[in-house]
J.: 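Here's a structure for you.
Quick caveat: nothing in here was measured; it's all calculated off a predicted structure.
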2 protein chains.
Amino acid sequence: MTAPLHEAHPTGAGRALPDTQQGMRRRNLARVMHTVSAEGPLSRAAVASRIGLTRAAVSTLVDELIRTGLLDELGPERPGRVGRPGSALAVSGHGPAGIGAEVGVDHLAVCAVDLRGEVRVRAVRQGANRGRAPEPVVAELTALIRQVVAEAGEEGLWPAGLAVAVPGLIARDAGTVVSAPNLGWHGTDLGALLPGDWPLSVDNEANFGGLAELWLGEGTPRDFLHVSAEIGIGAAVVVDGRLLRGNRGFAGELGHVPVWPEGPPCACGGRGCLEQYAGEEAVLRAAGLELGEDRVGLLAGRAAEGDEAVRRALRDAGTALGIALTGAVNLLDPEAVVLGGALSGLAPWLLPSLEAELARRTAGPACPVSVSRFGPEGPLLGAAHSVVRGVLDDPAAVAERG
Amino acid sequence: MTAPLHEAHPTGAGRALPDTQQGMRRRNLARVMHTVSAEGPLSRAAVASRIGLTRAAVSTLVDELIRTGLLDELGPERPGRVGRPGSALAVSGHGPAGIGAEVGVDHLAVCAVDLRGEVRVRAVRQGANRGRAPEPVVAELTALIRQVVAEAGEEGLWPAGLAVAVPGLIARDAGTVVSAPNLGWHGTDLGALLPGDWPLSVDNEANFGGLAELWLGEGTPRDFLHVSAEIGIGAAVVVDGRLLRGNRGFAGELGHVPVWPEGPPCACGGRGCLEQYAGEEAVLRAAGLELGEDRVGLLAGRAAEGDEAVRRALRDAGTALGIALTGAVNLLDPEAVVLGGALSGLAPWLLPSLEAELARRTAGPACPVSVSRFGPEGPLLGAAHSVVRGVLDDPAAVAERG
DNA sequence: ACTATTTCGTCATCGCCGTTTACAAATTAG
DNA sequence: CTAATTTGTAAACGGCGATGACGAAATAGT
């Protein structure tokens with residue numbers, strides 16, 4: 001093919017904001033931050049060559065970022081090459097921090113992450129939240145948050161925002177929990193219950209887990225499916241480095257993909273949904289176990305001991321997951337599937353049947369399936385990092401507030 | 001919720017090109033073109049208020065676009081309001097045009113679309129292409145293209161690019177047909193067979209059909225699933241106004257989503273794929289008909305006559321489609337599902353069972369299903385318009401060449 | 001009919017920002 | 001110790017949108 005290829009879905013069209021010189025400046029500040037953040041200590045010249053601007057332009061951008069405390073000048077690099085050594089720049093470990101919080105079925109967790117991406121403070125509170133009213137649970141969470149914020153403050157960090165991961169459906173662009181069956185919450189406006197001191201975002205646990213994988217996973221592609229399961233089975237669909245939320249924000253409801261269309265009825269109104277085969281309750285029932293605390297640990301323990309009923313239950317769950325994922329993979333053609341959340345702990349017993357099913361139903365090479373490094377920590381990390389990313393994406397905004 | 005909400009998946013990060021003033025200018029030229037194109041004749045002041053720039057800035061942008069022949073000044077508007085009437089601007093009907101081409105199983109089609117979006121020239125050539133070698137088919141297509149280009153030239157249009165719709169899998173960012181089972185083509189490099197005179201793009205028929213729906217459909221949302229079927233069943237997944245292509249460019253293979261996991265074996269290696277229930281061959285077989293020309297017309301005709309076997313076959317296909325779409329809708333949460341291509345002609349008999357199945361398996365309000373206005377013309381229109389969109393997206397580039 | 005008001009398009013000026021060019025500083029190569 | 005290379009900065013330049021003012025062309029009010 002001699003002629004250049006045309007892109008049929010250009011992105012330039014959907015831009016909403018007017019394109020002015022100030023916007024250009026803001027975007028370039030963001031690109032400097034992202035580059036330094038992603039590629040460690042870097043000289044001005046190195047940044048310039050990476051983002052395609054001149055050294056002079058980068059100098060003024062870096063000056064501004066140093067003035068606002070978002071970048072630190074570490075001093076001259078130890079040279080190995082010819083020429084004057086550059087002055088290493090690094091993202092500051094002080095200043096704005098992302099506060100992540102998680103409402104789990106069995107615990108509450110909060111952490112503070114600095115711009116470098118390091119977890120600086122964390123606090124966890126064990127205790128079953130299933131069936132408790134939102135108000136006392138959120139009150140406890142607020143106490144934890146205030147504690148973490150205070151400790152972070154002692155280290156020179158101030159909260160740039162708060163992100164809360166919840167196991168349930170969240171209304172898009174609003175902090176309202178539409179439905180969290182694990183907790184028994186419905187139509188709960190978290191924004192009204194949480195402190196309004198900082199910018200707040202609330203999102204599905206699976207989504208934040210997927211974002212953690214995208215931002216922190218090593219070698220994670222920009223197109224993948226991140227599957228995580230508690231009682232429900234959720235997936236984060238990441239396309240071209242962006243999380244797909246869907247029209248109402250309900251995208252990723254893998255748990256209600258039909259697997260055997262005439263299977264057992266499901267709460268959603270359908271029959272034979274994935275959740276009926278690979279959901280926590282279904283697996284426990286198939287394994288002959290009862291509901292209780294630390295159900296994943298129980299399953300993993302029994303499976304490791306060689307309990308045949310448990311192993312068979314997990315094998316069957318893997319098969320059902322494989323069927324549902326075959327559909328998803330055919331529809332989305334992702335570069336990889338990543339198992340996170342509770343699934344990562346059960347992966348050894350799920351993976352064989354899952355991968356077999358996926359391979360059996362795929363013509364060419366099957367989509368690779370891997371296990372998240374973060375396990376149950378993914379959502380919390382993803383939440384905190386979403387705030388950090390927000391700062392990296394618009395450093396000028398934070399400079400105005402800081 | 002008092003605090004502003006934070007976006008967890010900012011787009012600013014992935015920008016590849018350096019952000020310079022020339023880029024800003026180019027983007028603003030594009031925004032002017034898009035605005036005028038989308039909202040009909042508009043004065044400079046109206047454009048300015050819409051895109052957020054000042055009248056002065058828009059004036060210079062418009063001057064440049066008029067100089068390069070992309071915009072026309074129609075003269076003073078007839079005023080209904082107080083104040084000096086503006087001078088109406090419209091997209092030019094001369095200059096660059098998009099050439100769309102389609103390789104169908106039973107026909108070849110080519111058309112030329114001007115920047116206003118109007119089809120100015122079209123040419124169709126009936127004749128079965130199934131099983132023919134690529135070379136003679138593409139030679140015929142090339143002749144049609146040259147004919148259309150010549151006729152367009154007489155109207156003052158010159159080709160800004162050529163886009164070809166093919167019923168099959170296309171390698172991403174290359175003009176190679178990986179597999180087109182309807183035609184019997186495999187690994188065919190169309191770029192080498194087609195004239196290299198213009199920028200070329202090749203894509204799946206379903207994708208171009210979905211883009212036509214996105215760009216030309218009235219009231220079509222920016223998030224939807226466009227399903228079309230010939231022998232295979234393909235879907236265009238449109239997310240936030242962008243076509244989702246997937247890692248290898250194979251996204252949207254709805255035909256191989258498992259519907260009944262232990263159903264009849266499929267060429268893909270799986271069992272019970274949607275194609276085994278709603279694919280053209282399967283429906284014809286279930287209806288007791290034989291393969292032949294104009295198979296869709298045959299089915300529609302018999303169904304209209306009241307043939308019970310045909311109606312039952314279509315009803316069952318609708319049910320299978322409904323099951324597969326339930327999975328897709330749960331995964332993507334689109335705003336709508338649109339049936340296009342051959343399906344639009346059969347919609348009266350498919351829709352009832354399809355919608356019933358979708359509603360039965362959905363908890364809240366089911367995702368609305370509609371039928372494309374374009375029918376079998378969608379892919380051709382989408383292809384031609386993709387070239388036009390490319391011009392609107394970067395008018396400066398075309399000015400350099402024109 | 002005449003004036004005031006409103007809106008449109010344009011022009012000159014200004015400010016912002018990345019580029020270009022030049023140069024001093026700091027290192028390695030020979 | 002000199003030449004070559006690379007870094008960071010400063011000054012002049014040029015492109016581009018914003019600002020403010022002004023004439024042109026319509027309506028609204030008297």
J.: How close do A/Asp240 and A/Asp223 get, counting heavy atoms only, and between which atoms?
T.: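 Distance-wise, the nearest heavy atoms are N-OD2, 3.3 Å.
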J.: In whole Å, I'd like the distance from the CG atom of A/Leu74 to the P atom of D/dG8.
T.: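 Atom-to-atom, A/Leu74 to D/dG8, this comes out as 12 Å.
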J.: Quick one: do the B/His94 and B/Asp114 side chains pair a donor with an acceptor below 3.5 Å?
T.: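 The criterion, which ignores hydrogens and geometry beyond distance, is not satisfied for B/Asp114 and B/His94.
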J.: Could you go step by step and tell me if B/Asp19 and A/Arg31 meet the salt bridge (charged side-chain N to carboxylate O under 4.0 Å, His left out) rule?
T.: CA-CA 9 Å; B/Asp19 216 334; A/Arg31 303 182 61 203; 5.7 Å; no
J.: For A/Arg25 and A/Glu64, what are the C-alpha separation, side-chain angles and deciding distance, and is it a salt bridge (charged side-chain N to carboxylate O under 4.0 Å, His left out)?
T.: CA-CA 11 Å; A/Arg25 181 80 175 171; A/Glu64 186 172 336; 3.0 Å; yes
J.: Taking only N and O in the side chain of A/Ser59, is any of them less than 4.0 Å away from OP1 or OP2 of D/dG8?
T.: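 A/Ser59 to D/dG8 OP1/OP2: no side-chain N or O under 4.0 Å.
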J.: Restricting to non-hydrogen atoms, name the atom on B/Leu89 and the atom on B/Ser43 that form the minimum distance, rounded to 0.1 Å.
T.: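 It is CD1-C, 4.3 Å.
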J.: D/dG17 C1' sits how many Å from B/Arg26 CZ, rounded?
T.: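 Roughly 18 Å, once rounded to whole Å.
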J.: Quickly work out the A/Asp19 CG to D/dA18 C1' distance and round it to whole Å.
T.: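 Spelled out: CG on A/Asp19 to C1' on D/dA18 is 14 Å.
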J.: Looking only at heavy atoms, which two atoms of B/Ala112 and B/Ile99 are closest? And how far apart?
T.: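 Looking at all heavy atoms of both residues, the shortest contact is CB-CD1, 3.8 Å.
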J.: In whole angstrom, what separates A/Leu71's CG from D/dG8's P?
T.: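 From A/Leu71 CG to D/dG8 P: 13 Å.
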J.: Using a 4.0 Å heavy-atom cut-off, does A/Ala56 contact any base of the nucleic acid, only the sugar-phosphate backbone, or nothing at all?
T.: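 Contact class for A/Ala56: base.
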J.: Measure CG/B/Leu61 against P/C/dG9 and give the value in whole Å, please.
T.: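 From B/Leu61 CG to C/dG9 P: 14 Å.
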J.: Measure CZ/A/Arg55 against C1'/C/dC17 and give the value in whole Å, please.
T.: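 In whole Å, C/dC17 C1' lies 18 Å from A/Arg55 CZ.
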J.: Can you give me the closest heavy-atom contact between A/Val387 and A/Ala163, atom names plus distance?
T.: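 The pair with the smallest heavy-atom distance is CG2-CB, 4.0 Å.
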J.: Which protein N or O atoms sit under 3.5 Å from an N or O of nucleotides 14-16 of chain D?
T.:
| from | atom 1 | to | atom 2 | distance (Å) |
| --- | --- | --- | --- | --- |
| D/dG14 | N2 | B/Gln21 | NE2 | 3.1 |
| D/dG15 | N2 | A/Gln21 | OE1 | 3.4 |
| D/dG15 | N2 | B/Gln21 | OE1 | 2.9 |
| D/dG15 | N3 | B/Gln21 | OE1 | 3.1 |
| D/dC16 | O2 | A/Gln21 | NE2 | 2.9 |

J.: A/Glu73 CD to D/dT7 P: how many Å, rounded?
T.: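 In whole Å, D/dT7 P lies 14 Å from A/Glu73 CD.
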J.: Once you round it to whole Å, what is the distance between P of C/dC17 and CG of A/Leu65?
T.: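 Between P of C/dC17 and CG of A/Leu65: 13 Å.
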J.: Look at A/Thr54 and C/dT19 and indicate whether a side-chain polar atom (N or O) is within less than 4.0 Å of OP1 or OP2.
T.: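 Affirmative; the distance criterion is met.
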J.: Looking at B/Glu73, I'd like to know if its CD atom is crowded, meaning that more than 12 non-hydrogen atoms belonging to other residues, nucleotides or ligands lie closer than 6.0 Å.
T.: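 Enclosed.
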J.: Give me the atom names and distance for the closest heavy-atom approach of B/Ser386 to B/Phe208.
T.: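 Scanning both residues, the minimum pair turns out to be OG-CE2, 3.6 Å.
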J.: Below 3.5 Å between N/O atoms, which protein atoms pair up with nucleotides 24-30 of chain D? Just atom names and distances, please.
T.:
| from | atom 1 | to | atom 2 | distance (Å) |
| --- | --- | --- | --- | --- |
| D/dA25 | N3 | B/Arg84 | N | 3.3 |

J.: Do B/Arg44 and C/dG9 have a side chain to base donor-acceptor pair shorter than 3.5 Å?
T.: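 Side chain to base: no pair below 3.5 Å.
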